[in-house]
Amino acid sequence: IELRLTPWRTILVPFRSDDSARQFTAGLSLEDFILSCDDPRLRVAACVGAPACPRATTDVRADATRLASAVKPGDLLHVSGCAKGCAHPRTATLTLTGHDGRYDLIRDGAPWDTPQQTGLSPADLARGLTKGQAA
């Protein structure tokens, strides 16, 4: 099987037929792979976070995955382990910047911008996004 890696952290697997592609993807876990263009995880940009990054104090990847389904279509949630914003160094609809195990919320901004809310726990964020209030 040929694998092509893209700059967007995507693995492209070319097949000669739709049947071959369906047969291959049937054995993949939907939790581990994005196989649909409407998967809510495509509305999220996230860095590696703790413990992989020494600057991060939050489990960014797990938090981003938990929050993805609450992000509205057309919006982008950027979850960053610190103010550097490595995964998405520009503005997003909602940006969460981690520090001391919690997050600051920036609306229509970047991780280094002034937050509208500070010290939010992942549970606070989940409740706020689910209610459509973004915390």
Side-chain angles (χ1 to χ4, degrees):
I1 294 177
E2 178 184 352
L3 300 177
R4 298 179 189 171
L5 302 178
T6 73
W8 306 277
R9 297 185 302 174
T10 301
I11 301 170
L12 178 66
V13 185
F15 287 96
R16 294 180 192 256
S17 72
D18 288 345
D19 286 339
S20 296
R22 276 192 284 280
Q23 188 175 25
F24 178 78
T25 58
L28 298 177
S29 164
L30 294 178
E31 290 179 19
D32 296 327
F33 294 93
I34 295 174
L35 302 174
S36 170
C37 62
D38 61 352
D39 190 303
R41 292 174 291 178
L42 292 171
R43 299 180 209 135
V44 178
C47 69
V48 297
C53 176
R55 295 213 36 187
T57 63
T58 55
D59 187 354
V60 171
R61 306 289 284 181
D63 292 338
T65 299
R66 276 193 296 276
L67 295 170
S69 62
V71 180
K72 293 185 282 186
D75 285 355
L76 175 66
L77 170 65
H78 177 198
V79 186
S80 184
C82 71
K84 289 189 329 183
C86 297
H88 186 77
R90 53 197 168 278
T91 63
T93 311
L94 298 170
T95 298
L96 301 174
T97 303
H99 67 88
D100 299 326
R102 294 186 166 264
Y103 290 98
D104 291 346
L105 172 69
I106 300 105
R107 287 183 177 85
D108 297 312
W112 50 85
D113 290 335
T114 303
Q116 284 78 35
Q117 292 179 274
T118 60
L120 300 168
S121 72
D124 296 333
L125 296 167
R127 281 191 299 273
L129 287 175
T130 302
K131 292 177 184 176
Q133 301 167 0

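Starting from 1, each residue takes its place in the sequence as its number. Bear in mind the structure is a predicted one, so any value in this text is a computation, not a measurement.
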* Would you call Leu76 and Val44 a side-chain contact if the rule is heavy atoms closer than 4.5 Å? -> no

* **hydrophobic_cluster_shared for Phe24 and Leu30, side chain cutoff 4.5 Å** => yes

* **Heavy-atom neighbours of Arg16 CZ exceed 12 at 6.0 Å** => no

* pair Thr95-Asp113: side-chain heavy atoms closer than 4.5 Å -> no

* Side chains of Leu67 and Leu77: does their closest heavy-atom pair fall under 4.5 Å? -> yes

* Structure fact -> When every non-hydrogen atom of Gly85 is compared with those of Pro111, the smallest separation belongs to CA-CG, 3.6 Å

* Asked: Same cluster or not: are Val13 and Leu28 linked, directly or through other Ile, Leu, Val, Met, Phe, Trp or Tyr residues, by side-chain heavy atoms under 4.5 angstrom apart?
  -> yes

* Structure fact -> The reported gap from NZ in Lys84 to SG in Cys82 (rounded to nearest 0.5 angstrom) is 5.0 Å

* Distance, nearest 0.5 Å, that separates CD1 of Ile11 from CZ of Phe33 -> 6.0 Å

* Asked: So, for Phe15 and Ser20, which heavy atoms are closest and what is the spacing to 0.1 Å?
  -> CD2-CB, 3.7 Å

* Flag, side chain of Arg61 to backbone of Gly49, donor-acceptor distance under 3.5 Å -> no

* Pick one: which of His99, Gln117, Gln116 meets side-chain hydrogen bond (donor to acceptor under 3.5 Å, both in side chains) with Asp104? -> His99

* **Gln23, CD: over 12 other non-hydrogen atoms inside 6.0 angstrom** => no

* **Intermediate values then yes/no, side chain to side chain contact (heavy atoms under 4.5 Å, CB included), Asp63 and Leu125** => CA-CA 9 Å; Asp63 292 338; Leu125 296 167; over 6 Å; no

* **Side-chain heavy atoms of Arg41 within contact of Arg43, under 4.5 Å** => no

* Structure fact -> One should read off an interatomic distance between Lys72 NZ and Leu94 CG, to the nearest 0.5 angstrom, of 8.0 Å

* To do: Determine whether Leu3 and Ile1 make a side-chain contact, defined as any pair of heavy atoms from C-beta on separated by less than 4.5 Å.
  => yes

* Asked: Counting N and O atoms only, with roles assigned by atom type, does the side chain of Thr91 sit under 3.5 Å from a partner on the main chain of Gly109, one being a donor and the other an acceptor?
  -> no

* To do: Taking Thr93 for its side chain and Asp75 for its backbone only, find out whether a donor-acceptor pair lies under 3.5 Å.
  => no

* Are Arg102 and Leu120 side-chain neighbours, meaning at least one heavy-atom pair lies under 4.5 Å? -> no

* Non-hydrogen atoms of Ala87 and Cys47 that approach each other most closely -> CB-N, 3.4 Å

* Sidechain-backbone polar pair: Thr10 side chain, Thr6 backbone, donor-acceptor under 3.5 Å -> no

* Structure fact -> Closest non-hydrogen contact found for Val60 with Ala46 is CG1-CB, 3.8 Å

* Asked: Is Leu12 isolated, or which residues cluster with it under the ILVMFWY side-chain rule of less than 4.5 Å, directly or via members?
  -> none

* Asked: How are the rings of His88 and His78 set relative to one another: parallel (under 30°), tilted (30 to 60°) or perpendicular (over 60°)?
  -> perpendicular

* Report yes or no: do Ser36 and Asp39 form a side-chain donor-acceptor pair below 3.5 Å? => no

* Distance-only donor-acceptor check, side chains Thr58 and Tyr103, under 3.5 Å -> yes

